[in-house]
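One structure is given here, and the rest of the page talks about it.
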2 protein chains.
Amino acid sequence: MASPSPAKPASRRGGPRVPATRFDRRLAKILTHATDVFYEKGYAGASMRDLSRASGMSLAGMYYYFESKERLLYLIQKHTFTTIMERLRERLQDESDPDQRIRIFILNHLEYFLANQKAMTVLSHEDDVLKNNLGAEIAALKREYYRICLELMDNYKRARGLEFSSRVAVLSLFGMMNWLYTWYNPRVDGDADELARQMGDTFLQGICSVNEGRAASQRK
Amino acid sequence: MASPSPAKPASRRGGPRVPATRFDRRLAKILTHATDVFYEKGYAGASMRDLSRASGMSLAGMYYYFESKERLLYLIQKHTFTTIMERLRERLQDESDPDQRIRIFILNHLEYFLANQKAMTVLSHEDDVLKNNLGAEIAALKREYYRICLELMDNYKRARGLEFSSRVAVLSLFGMMNWLYTWYNPRVDGDADELARQMGDTFLQGICSVNEGRAASQRK
DNA sequence: TATAATTTAGAACGAACGTTCGATAATCCT
DNA sequence: AGGATTATCGAACGTTCGTTCTAAATTATA
């Protein structure tokens, strides 16, 4: 209680939404710049000196805002995951049709992905680097996000009387969407709506006729 | 011409296939162990000391076999890519049906992926780390592999009179397959044949009915 | 077995790493 | 204005990094 104790949590609940504290605003800026650097060089490849240069702040000054490089990655991943999940829940509230609910999931994911491509890439690419408590917390968020999609898939199956592995279906869908970070080019590929429609069509039509008596893979 | 000159190419063409030279065999062992380490810690996160420990060879001794850590990654990626492409070409020779050719592509990819999961993960995950000549050479291999799949897709479209973006379709398919490295569990998910069937069905059924008058995404 | 070629390793290099410390500058409160 | 609090920084710490040098051990050749 006596120490100067920097790097505290500091963001109080329920305060005015946009302004926040001076501390929080500065931290948010740092997180944005750090996201750019992690995106360019990867977590392990980015040095604290790179990060401080990108933020226009001294190397030592950074440690006033967070206590380690590891925690910085944690803050980025946590914020990104929390935000995308928050938006998803809002959008799902107004819809009950199983087909549309999956389409909403896809659209929400792709919209956020393309609008925050660097953050989502850091989330996807640096998936296993956090260890212990920090890693466990992010892993829990990931599992929850996965579970939501799995539920949507199960409901869809039930509503249509289909039989296939929800697990493989959901993870294939994640693959289709998350792989975007390796190839998406806004000048060639469409916007989120267009991609969501194409991927949604492909995927939903695909799982719809799968496993119908194991004859689907026969020729002709 | 006077120097001891270690780290030469050394693998002669056309020699007896299995034995190879002493040098090549030892190098191959090192590549295998290095693949394990890169898989566990990532390229940037793995130190030369980690790699030497895994190979049971001294730190300095490693440099007799390759001239830098970067070149080591290059050797791993090049060998992996070359092998999977070689096998694909062999398998495609015997088949002319467009549908089946895509299924062969999927099966070949998944079989190799699951049999060489660590190497394929290193190939996928450390995609952008090689720079200059080395990076360009790997990128060229990747582009060729992509182009092959794109051609299969175009032929499929032509044969069935379909209209959709081959680019998005191919890259979505790559996403489905390559994302495997984040979730595949041999005890839960099936083997390559089973996965290839499920993904093949999903994907081919999916693109088959896509974009039919843009009505596919309508409700009910 | 002597000699040449190949293969290995100990020790050290300078550079870069993540983090800490104590002091200074800027801001806030009354 | 003045004292407390918040924010920033230069310099340095001890480690670890990729790589090199040189000499010794091992293997192949005669």
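Since the model is a prediction, treat every value here as computed from it, not as a measurement. Reckoned from all heavy atoms, side chains included, excluding hydrogens, waters and symmetry mates. Proteins come first, then strands; the chains are lettered A, B, ... in the order of their sequence lines, and each starts at number 1.
Note: CG (Asp24(A)) to C1' (dA7(D)) measures 14 Å, nearest angstrom. Atom pair Met57(B):CE and dA25(D):P shows a separation of 17 Å (rounding to whole Å applied). Atom CD1 in Ile30(A) sits about 10 Å away from atom P in dC9(D), given to the nearest Å. For the pair Leu27(A) CG and dA7(D) P, the computed distance is 11 Å after rounding to whole Å. Nucleotide dA5(C) holds its P atom 23 Å from the CZ atom of Arg26(B), rounded to whole Å. Atom pair Phe66(B):CZ and dT20(D):C1' shows a separation of 14 Å (rounding to whole Å applied).
Side-chain N or O atoms of Asp50(B) include one that pairs as donor or acceptor with a backbone N or O of Ser47(B) at under 3.5 Å. Between the Thr182(B) side chain and the Trp179(B) main chain, a donor and an acceptor come within less than 3.5 Å of each other. Asp24(A) places no side-chain N or O within donor-acceptor distance of the main-chain N or O of Ala20(A), the cut-off being under 3.5 Å. A donor-acceptor pair under 3.5 Å links the side-chain atoms of Lys69(A) to the main chain of Tyr43(A), judged by distance alone.
Residue Tyr64(A) places at least one side-chain N or O under 4.0 Å from the OP1 or OP2 atom of dA7(D).
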**OP:** Report, as a single string ordered 5' to 3', how protein heavy atoms within less than 4.0 Å touch nucleotides 16-30 of chain C: B base, S sugar-phosphate only, - not at all.
**Re:** -BBBBB-----S---
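For CG of Asn133(A), the number of neighbouring non-hydrogen atoms (other residues, nucleotides, ligands) closer than 6.0 Å is 12 at most.
One distance of note links CG of Leu195(B) with CG of Leu114(B); it measures 6.5 Å at 0.5 Å rounding.
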